[in-house]
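Input: a single structure, listed below in structure tokens.
Convention: sequence-line order gives letters A, B, ...; per-chain numbering from 1. Remember, predicted model here, so these are calculated numbers, not experimental data.
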Number of protein chains: 2
Amino acid sequence: MTRKKTSADKGLDFGILPSLAGYQLRLAQIAIFRDFAAALGEFDVTPGLFGVIVIIDANPGLKQSELARAAHLDRSTVVSVIDNLERRRLVERRPAENDRRSNALVLTPDGIALLKKLKRRVGEHEKRLVEHLSEEERVTLVTLLQKIFPEQR
Amino acid sequence: MTRKKTSADKGLDFGILPSLAGYQLRLAQIAIFRDFAAALGEFDVTPGLFGVIVIIDANPGLKQSELARAAHLDRSTVVSVIDNLERRRLVERRPAENDRRSNALVLTPDGIALLKKLKRRVGEHEKRLVEHLSEEERVTLVTLLQKIFPEQR
DNA sequence: TATTGTTATACTCTATAACTATA
DNA sequence: TATAGTTATAGAGTATAACAATA
């Protein structure tokens with residue numbers, strides 16, 4: 001055990017990559033996405049979709065364009081996302097009160113019920129994510145990530 | 001200034017999302033990808049492609065299937081990635097020495113020259129990434145990210 | 001039998017541009 | 001004029017399955 005453990009198998013050299021925050025973020029992202037898919041794939045919900053459902057739940061009646069900004073998506077992308085969720089009877093488009101151009105988005109009872117299950121699964125997923133971190137380290141990680149893009153909350 | 005600053009504009013509620021490491025990682029990833037594209041878009045190089053080029057540079061002669069494992073890609077995906085880089089005369093497929101099934105991947109002189117420019121740009125990009133972090137915080141961040149998936153280096 | 005690279009194919013996520021209806 | 005939602009379309013990135021050549 002004298003050679004530094006590199007990755008995978010064959011002792012490949014990753015050059016400058018491991019020192020780059022952007023690369024480590026990317027690796028973490030890839031692994032998270034896979035664990036998330038394994039944990040919630042059964043419900044056909046990706047991290048992005050989960051975020052959309054949480055945001056609608058927390059802001060019932062919000063408009064599609066508000067959701068677009070919040071979720072970092074184009075308005076046109078939101079159309080297909082909501083089409084998808086509406087087809088699955090998880091979300092409803094209602095006429096907005098003071099603006100006949102807008103839709104007011106709300107979760108259906110099915111959506112609310114699913115969200116409850118999803119939250120439990122995501123909680124377990126998060127626990128796996130940070131299982132090698134102490135509680136203090138976990139808080140530090142979240143804080144540092146927030147600091148990277150303070151404008152984003 | 002009494003209300004806690006949330007995101008974007010309209011004071012939307014993000015529910016549990018901000019407390020999730022997975023969500024913060026996702027946000028960081030989105031912003032990083034956009035800054036990367038702005039900084040290197042002129043060269044038509046994404047973070048993934050940059051990683052591939054660095055790995056080939058650091059391991060001249062490696063096989064496509066080794067690259068696949070290192071870059072977390074399927075073998076079939078590597079085919080199109082290398083097709084792309086070879087069309088642009090950045091990478092060459094050479095016959096491997098002891099295995100007539102394999103290709104040995106190497107950067108061309110053009111590839112080496114491009115990589116040099118890319119590294120400079122990526123350096124500037126990284127600097128922007130961590131501009132709100134002290135050097136100590138930067139190191140902590142990278143360390144914590146590595147801890148999330150220790151098996152990955 | 002197992003592995004390497006390849007092809008054909010398809011799917012997900014996303015964006016751009018142009019349209020309509022409303023404001 | 002500007003905004004909200006929509007449509008048509010396209011591109012990037014990825015994977016799965018089946019195949020030929022080679023190990």
Answer yes when A:D57 and A:K116 have at least one side-chain N-carboxylate O distance shorter than 4.0 Å, and no when they do not.
no
Just call it for B:S65: base, sugar-phosphate, or nothing, with non-hydrogen atoms closer than 4.0 Å on any strand.
sugar-phosphate
Please state whether the phosphate of C:dT6, meaning OP1 or OP2, lies under 4.0 angstrom from any side-chain nitrogen or oxygen of B:Q64.
yes
In whole Å, I'd like the distance from the CG atom of A:D44 to the P atom of C:dC11.
13 Å
Measure from NZ on A:K63 to P on D:dT3 and round the result to the nearest Å.
10 Å
Check DNA chain C against residues 94-107 of chain B and give the residues with a non-hydrogen atom under 4.0 Å, in numerical order.
B:R101, B:S102, B:N103
Has A:T46 got a side-chain N or O lying under 4.0 Å from the OP1 or OP2 atom of C:dC13?
yes
Position toward the 5' end of DNA chain C (nearest nucleotide), A:F33 or A:S76:
A:F33
Looking at A:T108 and A:R89, would you say the former's side chain and the latter's main chain have a donor-acceptor pair under 3.5 Å?
yes
State whether B:R34 places a side-chain N or O below 4.0 Å from either non-bridging phosphate oxygen (OP1 or OP2) of C:dA15.
yes
Indicate whether OP1 or OP2 belonging to C:dC13 is found under 4.0 Å from a side-chain N or O atom of A:T77.
no
Rounded interatomic separation in angstrom, taking CG from A:L67 and C1' from D:dA4:
13 Å
Tell me: CG of B:D83 to C1' of D:dT14, nearest whole Å?
15 Å
Note: A:R93-A:D83 ion pair, threshold 4.0 Å (strictly below):
yes
Can you tell which of D:dA18, D:dT6, D:dA15 lies closest to the side chain of B:D74?
D:dA15
State plainly whether the residues B:R138 and B:E135 are in salt-bridge range, i.e. N to O under 4.0 Å.
yes
Using distance only, find each side-chain donor-acceptor pair of residues 35-50 of chain B under 3.5 Å and give its atom names and separation, not counting sequence neighbours.
residue	atom	partner	partner atom	Å
B:D35	OD1	B:H125	ND1	2.6
B:D35	OD1	B:R128	NE	3.2
B:D35	OD1	B:R128	NH2	3.0
B:D35	OD2	B:R128	NE	3.0
B:E42	OE1	B:R121	NH1	3.2
B:E42	OE1	B:R121	NH2	3.0
B:T46	OG1	B:L49	N	3.3

Check whether the side chains of B:D74 and B:S76 place a donor and an acceptor atom closer than 3.5 Å, and report yes or no.
yes
Examine C:dC19: is either OP1 or OP2 under 4.0 Å from a nitrogen or oxygen in the side chain of A:R75? Give yes or no.
no
Distance, rounded to the nearest Å, where B:I82 contributes CD1 and C:dT6 contributes P:
9 Å
Quick one: B:Q29 CD to C:dC13 C1', roughly how many Å, whole number?
14 Å
Using whole Å, what does the distance between atom P of nucleotide D:dG13 and atom CD1 of A:I30 come to?
13 Å
Indicate yes or no for a side-chain donor-acceptor contact from A:E92 to the backbone of A:L107 under 3.5 Å, with no hydrogens or angles considered.
no
